[in-house]
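Reading through the structure tokens given below for one structure.
First the proteins, then the strands, lettered A, B, ... as listed; each starts at 1.
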Amino acid sequence: MTDAIPSYLEILNPEQRAAVLHTKNPLLILAGAGSGKTRVITTKIAWLIREQGVDPRSILAVTFTNKAAREMAERARLIDGRAGDAMLRTFHSFGAWFLRRNGSLAGLDPRFVIYDDDDMIALLSSIMEDAPKAEVKQTAHKISRAKDYFYSPDSPELDLIDSRKSFRRIYKEYEEKLGRIGNVDFGDLIKKPVEILRSQSDIAHRFQNRFEVIMVDEYQDANIAQFELLKSLVGPHTYLCVVGDDDQSIYRFRGAEVRNILEFPDRFPGTDIIRLESNYRSTAPILKAASSVVDHNRGRLGKTLRAERGDGKQPVLAFLPDQDEEAVYCAKLIENSIKAGKEPANSTISNSGISKPAVYSDWAILYRTNAQSLGFETEFLRRRIPYRVVGSLKFYEREEIKDALALLAFMANPRDEVAFRRVVNKPSRGVGPATVDRIIAAAENNSTGDLAAAARALIPVLSAKAGAGTKTFLKVIEGGRAALEQTAEPEAAEDESDKTSADVKETINSANVAPKKRKRSSKNNEGLAAGEGLSVCVVHLIQESGIAEYHAAHDEISGNQRINNLQELANAAVLYEASEAGLLEFLEHIELDRSLETAAAENETDSAGGAVTLITFHNTKGLEFRRVVMTGIEQGVFPREDKKDDELEEERRLFYVGATRAMDELYLTSCAVRRVFGRTMPMEPSLFLREIDRSALRIIGNAPYGFAGLTPGGGYGNARYGGKPAAAIDGWSQGDRLYHDDHGYGAVADVRDSEDGPVVRVLFETGKEVRFLSRHQGSRFMKIGRDD
DNA sequence: TAATCGATCTTTTTT
DNA sequence: AGATCGATTA
């Protein structure tokens, strides 16, 4: 250690450095929020390559999101370029990569397409023919869950999920049907590789030898199947290092098991544990607020974060009348911070030590459910506050996009019954359900299961109309295939060549290549512009199939963007080659990484200050923002209704994750009423608000009755609102809440008549008291409601 | 067979 | 409030 320490290690604190330099035994890094976890992982990768002579290609680092994988690759490469050769992937993309090469050992055609939840439901509903849709959905969920836990249709443990015989039967049938089709669902991407590795010891050995080092990020979110995958990949000489934080485990609902991290030392004997407890992100009061909530959880490893940044602005809890005011409050906060940045003289609200002018991208609005984003969007749109919505885009879930993808999927795999059903009669070609069933039945009887072949063979027997329609459809697909083959160049062989043997030579990270080219879509609806590569094929399909026309007609009625969306999809395909391999790559990329930003979602994002981020709590994991507003902190919303025990603890962790995203400023909002399904419902403040250490909180607005013991901070306490509201004078009465551009939020303390007319006395959240003449209020004061 | 109108349900959270 | 689903109707 007395030798010169490389500079990239110098910047680490002792614990971080110990984590980087650790070797041999399995290592569990318990990394609190904001403790420099990513830095440790990336540095470790670089260090292993540089100082330990580890071949980068023998390093596997697994994450849960593509974003995290990309970031990790980028940062590791900055330290050492060779890190670019390491395999950095999500669990699922690793599974897909594995199955393309080794799936044939389990009878899987390497040309499989990945089914998403909707496809899964569609397939399932063809099995559960007359079950209500809700039940089908629920069954799909249970099957996903079963796969997360590595349960097969004949596992005895399946009873833990659903003990009914019928469930077992449906699950089994589903598996058979999916197998016949030759596609896989998300769960299969993990489960099938484990099955192969378990049953084929030669393959297992090959992989155990290939990966000398395996690292897992966000280990607290791993499910049982992923744990099994890990176990199968770790050989006697593999160095295993997992990083996680039990307090940030928020994916239980999709099978994540905190016990993976809690029991890691038992599962891998000899494990060393290193804790990273220095937080470099948030100020002390923010951390205090966050920790005081999660402290109420039982069953945690427990740790204490030290706020290296020291003191800062108190988090603010704002009680607001309703969700519209909530949106206004957020908008005002943002606008004020921007304004304050532009006019530094205006320092009514002084924030200790924060002198940087605020920009839009400093801000994030957090909410529990995607549906809550709408209110903020409308308000921000109105005020021209640039924003971007993370996650809920659902670009790939739109009808027109799913149609186009189904055409592509059917082209890639003519056994794909789900895709076939979706598009064979869209737009309607006279191929009704009866005909479709007949074709599918015929395909089941021929050995290949090829629906296109079965359909072709049936044409002579079908009615004239159905026959003609079927013919048209097949022609479209064939045309698409022709568009592939024409341009298929020898390059296509490159990826195929190393399929069996040396995956060591693999140039990896197809997930990382997708260059961010921003193609401007042609705005006219005349026709779709075909670029190069696979987009030629995509455009052909959506045009010739009539899908484009079908949706164009719809656009005219409801003013949608469907044609533009289809164009966007075609643009994305430009990056892929027009070959079968390119097609599969494109489809896989879409299934596994839906976070792609689409031009459709950009409103004014390109403006200088960036944009405010609208995002669910779940989606914020791994992110940080200078200023964060946690909205809808109400009982029933967050925590969601009837959450108790383990689930309540998970909600608490979610709260913790959200709060620890904030670097400088944290705001919490809680509404007195909220529209739920169009009905206005009275709300109660969240349980979590009572759990927050009160010394770490400043409260503004009116704490509702029942929020015992809390006295608003600005000097206007509950008592003031305890009685009936005073009679209004000139439209103002005691208890009215208002907003002032300079002073922020406040409430009317009293209204008195004077010789110049009614005088309104207002107390602001800053503690400031202001009097003004009612008739002079101008536009500087904005009334925002009252609390009765 | 397709389009239109009402009734009903919706909301977790995501790879 | 909005979407979705089914039944009714043209």
Residue met sooner reading DNA chain B from 5', once A:Val676 and A:Lys465 are mapped to nucleotides:
A:Lys465
Answer yes or no as to whether B:dT13 has its base stacked against A:Phe253, where stacking requires a ring-centre separation under 5.5 angstrom and planes under 30 degrees apart.
yes
Using the C1' atoms only, state how far B:dT11 lies from C:dG6, rounded to an integer number of Å.
22 Å
Do A:Arg368 side-chain and B:dT13 base share a donor-acceptor contact under 3.5 Å?
yes
Closest heavy-atom pair, A:Phe376 versus A:Glu326, reported as atoms and distance to 0.1 Å, is CZ-OE1, 3.8 Å
Pairing of A:Glu218 and A:Lys621 as salt bridge, 4.0 angstrom limit
yes
A:Asp185 CG to B:dT14 P: how many Å, rounded?
19 Å
With nearest nucleotides of DNA chain B determined for A:Arg429 and A:His618 from heavy-atom distances, which residue corresponds to the more 5′ nucleotide?
A:Arg429
For A:Leu60 and A:Phe211, work out which heavy atoms get closest and say how close.
CB-CD2, 3.6 Å
Counting the atoms with a prime plus P, OP1 and OP2 as sugar-phosphate, which does A:Phe91 contact under 4.0 Å by heavy atoms, base, sugar-phosphate, or nothing?
nothing
Does the aromatic ring of A:Phe186 sit over the six-membered base ring of B:dT15, closer than 5.5 Å centre to centre and tilted less than 30°?
yes
What is the distance, to the nearest angstrom, from the CD atom on A:Glu399 to the P atom on C:dC5?
11 Å
For a quick check of understanding: with a heavy-atom distance under 4.0 Å over all strands, which category does A:Asp116 fall into, base, sugar-phosphate or nothing?
nothing
Taking the six-membered ring for Trp and the full ring for Phe, Tyr or His, determine whether the centres of A:Tyr667 and A:Trp363 are under 6.0 Å apart.
yes
ring centroid sep under 5.5 Å plus plane angle under 30, A:Phe677 with B:dT10
yes
A:Ser428 side chain N/O closer than 4.0 Å to the phosphate oxygens (OP1, OP2) of B:dT1?
no
Does A:Glu649 come within less than 4.0 Å of A:Arg300, counting only side-chain N to carboxylate O?
no
State which of B:dT11, B:dT14, B:dT1 makes the closest approach to the side chain of A:Arg254.
B:dT14
Does a side-chain N or O of A:Asn223 approach OP1 or OP2 of B:dT15 to a distance below 4.0 Å, or not?
no
Any side-chain N or O of A:Asn370 less than 4.0 Å from the OP1 or OP2 oxygen of B:dT11?
no
From CG of A:Asp593 over to P of B:dT14, roughly how many Å is that when rounded to an integer?
14 Å
Let me see the working for A:Arg653 and A:Asp246 under salt bridge (Lys or Arg N to Asp or Glu O under 4.0 Å), right down to the final yes or no.
CA-CA 9 Å; A:Arg653 293 192 289 268; A:Asp246 54 312; over 6 Å; no
Atom OH of A:Tyr367 to atom C1' of B:dT14: distance rounded to whole Å?
14 Å
Can you tell me the distance, in whole Å, between the NZ atom of A:Lys426 and the P atom of B:dA3?
12 Å
Check whether any side-chain nitrogen or oxygen of A:Asn66 sits under 4.0 Å from OP1 or OP2 of B:dT15, and answer yes or no.
no
Selection from B:dT1, B:dT14, B:dT11 that lies nearest to any side-chain heavy atom of A:Lys137:
B:dT11
Whole-Å gap separating P (B:dT12) and CD (A:Glu641)
8 Å
Find the distance A:Gln372:CD to B:dT13:C1' and express it as a whole number of Å.
11 Å
Take the protein atom CG of A:Asn425 and the nucleotide atom C1' of B:dA3, then report the distance between them rounded to whole Å.
15 Å
